[in-house]
Amino acid sequence: MASNNNRLMTFELLDRMELMITEAKTIPLYKRIMLEKEEFASLMRRLEESIPADLQKAKAIIEQEETILNESNRIASETTQKASREAQETVDNARNQAQIMTTNAQNQANDTLRSATDQANAMVADAQNQANAMIANAQAQAQQMVADSEIIARAQAEAQEMLENAHRECDEYSARVHGAVHQMMENADIALAQQLDSLRAMRNDFANQ
């Protein structure tokens, strides 16, 4: 008779505990609930006292299974966290490498542009110096010829011709130099465009990973 009463009490306590769990407030974003600790603990103690010996053994087995399950969950959680950290480290390393490669490519592009600009400026300056020297030489020869009173007329004509030739040669030389400078700048622009295309392709590849 006492055994039957214990069984009835056990079911009543289980019903009350189930009702507490059902009506308990849930914690947002977590699979957990809030219970009244003292009341639930009292029900647990009374439940343990009402459980027959065979059920006590079953409870021990269940508790052992729950311990194994909790340990498995803990190991799974630690493994997941470790994998997440390693994945994040891999992503961070990839981003750092991409940033370094981008910076190096930009520096190379800047160096190429500076080198082309310096060469172009040097060629322009050299052409200007040669043109000035040619004009100065022609002017000196013209002045020398004009100074000779016996050939003033011829000197003036030849001086004018020399000046015209000097100006023409200067213009031709300047045109060649400007053409060469334009070609160098065009080549530099093509090289920069290719490097920028490579950078964009690297960025797209990284973004698609």
Answer yes if the side chains of E89 and N93 hold a donor-acceptor pair under 3.5 Å, and no otherwise. no

Do R32 and T26 pass the side chain to side chain contact (heavy atoms under 4.5 Å, CB included) test, and can you show the C-alpha distance, the side-chain angles, and the key distance before you say yes or no?
CA-CA 6 Å; R32 296 182 181 179; T26 59; over 6 Å; no

Cationic N near anionic O, under 4.0 Å, R74 to E71
yes

Side chain to side chain contact (heavy atoms under 4.5 Å, CB included) between D189 and E186, worked out:
CA-CA 5 Å; D189 184 65; E186 184 177 3; 5.5 Å; no

Query raised in the report: Can L47 be reached from M20 by stepping across I, L, V, M, F, W or Y side chains whose heavy atoms are under 4.5 Å apart?
Result: yes

Between the CG atom in L43 and the CZ atom in R16, the distance rounded to the nearest 0.5 Å is 5.0 Å

Verdict with reasoning, D171 to R168, per salt bridge (Lys or Arg N to Asp or Glu O under 4.0 Å) | CA-CA 5 Å; D171 292 339; R168 184 174 59 255; over 6 Å; no

To the nearest 0.5 Å, atom CD of Q64 lies from atom OG1 of T67 at 7.5 Å

In this structure, CZ of R85 is separated from OG1 of T80 (nearest 0.5 Å) by 10.5 Å

So CD of E164 and NE2 of H167: to nearest 0.5 Å the spacing works out to 8.5 Å

- Following the transitive rule for hydrophobic clusters with a side-chain heavy-atom cut-off under 4.5 Å over Ile, Leu, Val, Met, Phe, Trp and Tyr, establish whether M162 and I135 coincide in one cluster. no

Exercise for review: Report yes or no: does S42 contribute a side-chain atom to a donor-acceptor pair with the main-chain N or O of E38 at less than 3.5 Å?
Suggested key: no

Rounded to the nearest 0.5 angstrom, the CD-CG distance for Q99 and N104 is 10.0 Å

Has E78 got more than 12 heavy atoms of other residues, nucleotides or ligands less than 6.0 Å from its CD? yes

Next item on the list: Taking T90 for its side chain and E86 for its backbone only, find out whether a donor-acceptor pair lies under 3.5 Å.
Entry: yes

Note: M101 and L199 closest approach over all heavy atoms is O-CD2, 4.5 Å

M34 and A24 have their tightest heavy-atom pair at O-CB, 3.2 Å

Rounding to 0.5 Å, atoms CD (E18) and CD (E23) come to a distance of 10.5 Å

Q.
If hydrophobic clusters are built from ILVMFWY residues whose side chains come within less than 4.5 Å, do I33 and M44 share one?
A. yes

- [ ] Answer yes if the side chains of Q88 and D92 hold a donor-acceptor pair under 3.5 Å, and no otherwise.
- [x] yes

Taking it one step at a time, do H182 and H178 satisfy side chain to side chain contact (heavy atoms under 4.5 Å, CB included)? CA-CA 6 Å; H182 177 76; H178 280 87; over 6 Å; no

Hits for side-chain contact (heavy atoms from CB on, under 4.5 Å) against Q130, two or more places apart or cross-chain, chain-then-number order -> D126, Y173

Correct closest heavy-atom pair for L163 and Q139 would be CD2-CG, 3.9 Å

